[in-house]
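Okay, so here's the structure we're looking at.
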Amino acid sequence: MKTLIIETANPKILGELVTVGRLFCATPDVVVLGSGELAGSYGKAYRVPDTLGANIGSGLADLIRREGYELILLSTTAIGSGLAGPLAVSLGAPILSEVTGIAPDLTIERSLYGSKAVARYQVASGPLVLTIKRKYFEAAVLEGTVETVDLPAGPQRIALLEEIDEERQGIPLEDAEVIVTGGRGIGTGDNFTILNDMAGLLKGAVGASRGAVDEGWMPPGAQIGQTGKIVAPNVYFAVGVSGASQHLAGISNAKCVVAINKDNEANIFKRARFGIVGDYKKAVPALINALKENG
Ligand SMILES: Cc1cc2nc3c(=O)[nH]c(=O)nc-3n(C[C@H](O)[C@H](O)[C@H](O)COP(=O)(O)OP(=O)(O)OC[C@H]3O[C@@H](n4cnc5c(N)ncnc54)[C@H](O)[C@@H]3O)c2cc1C
């Protein structure tokens, strides 16, 4: 199946799409958006310096029609999600978003209701546009650099004025092996210091529920869940987090969840492998001491 990947040069996101693309085609083609060195091996590699769907959508649709691509793969990033819908409309192609599973016979899975259910679909044939949910596919290792062919720039309907990097300290949540997340149960923004201490000892990152973000205790970039980051750490500590389905949607690929909550009926315990029922103000310092004692 003739496959085209459309993504930025981010090797992790691109690697996940390459893993999916290789189910259908040994060396899928790629359109790399924006700047940055493209790594990996592809049939054909194109570059579009812009990332805004309004500017590049029609040029990409022309390429897809001209080359006869049957499967178009994007990621569920802001760029991929923004581009996929308009692209499908201009191609008159069906679209499935937030895909979590896919087989070569075009059986496709998506998670529903905050990962409480899985829906399975059978697609008859292409062309088909898919956005692939982050962290559900092992990223292919992309080696070597590739020469790209520039695609003609379309009319600039929207100009990007500037990109301001999110202020971030330490390990990015998406890459962290250990995450210590605080929820509304933490009580104040200052109390997150203790979670920072614990995460520091575990060489991990600190996340937040939307409850904690809504309180203004943590920045929106720290939010984990359906409308936040999707993470897949080996160990996920949920501290003072109730475990709403929208939060659980962001941690469905966490290997081991440890919950600390004073309410023994909190929903988070249903997802947790280990649980501590009690006040985090006692449990977290005890864990910190144990970590220090054991080096
Ligand atoms: C469309 C939509 C999208 C959403 N997206 C997200 C999302 O991406 N991420 C997300 O997290 N939420 C999301 N939500 C919100 C979600 O439904 C919950 O409201 C939110 O997750 C609750 O945050 P919380 O668990 O921190 O707070 P709460 O529900 O208030 O829970 C606080 C918990 O802390 C415990 N607690 C209190 N004090 C202590 C203590 N001293 N020690 C130990 N435990 C204590 C309590 O028992 C309670 O379980 C979304 C909602 C909607 C409608």
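Each ligand, and each atom within it, is numbered from 1 in the order the structure gives.
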Show the atoms of ligand 1 that are less than 4.0 angstrom away from any heavy atom in [X].
X: Ile224; value: 7 (C), 8 (O), 9 (N), 10 (C), 11 (O)
X: Gly278; value: 42 (N), 43 (C)
X: Thr227; value: 3 (C), 4 (C), 5 (N), 6 (C), 7 (C), 8 (O)
X: Ala244; value: 16 (C), 17 (O), 18 (C), 21 (O)
X: Gly228; value: 8 (O)
X: Gln226; value: 7 (C), 8 (O)

Could you walk me through whether Thr27 and Arg22 pass the side-chain contact (heavy atoms from CB on, under 4.5 Å) test, one step at a time? CA-CA 7 Å; Thr27 48; Arg22 284 180 184 161; over 6 Å; no

Would you say Lys281 contacts ligand 1, with heavy atoms under 4.0 Å as the rule? no

Quiz question: by atom type and distance under 3.5 Å, do the side chains of Tyr236 and Thr181 form a donor-acceptor pair? yes

Check: Asn253/Lys135 side-chain N/O donor and acceptor closer than 3.5 Å: no

Side chain, backbone, both or neither: Gln223 near ligand 1, heavy atoms under 4.0 Å: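 Side chain only.
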
Which is it for Asn191 and Lys281 under the side-chain contact (heavy atoms from CB on, under 4.5 Å) test, yes or no, and what are the steps along the way? CA-CA 9 Å; Asn191 289 351; Lys281 286 181 185 159; 3.8 Å; yes

Between Leu38 and Leu14, does the side-chain contact (heavy atoms from CB on, under 4.5 Å) criterion hold? Intermediate values first, please. CA-CA 9 Å; Leu38 176 65; Leu14 201 51; 3.4 Å; yes

Taking atom CD as the centre, does Glu265 end up with more than 12 heavy-atom neighbours from other residues, nucleotides or ligands that are less than 6.0 angstrom away? no

side-chain contact (heavy atoms from CB on, under 4.5 Å), that's the test. Do Ile72 and Leu130 meet it? Break it down for me. CA-CA 6 Å; Ile72 295 96; Leu130 299 178; over 6 Å; no

Ala266 to ligand 1: N or O pair under 3.5 Å?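 Not met; the criterion fails.
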
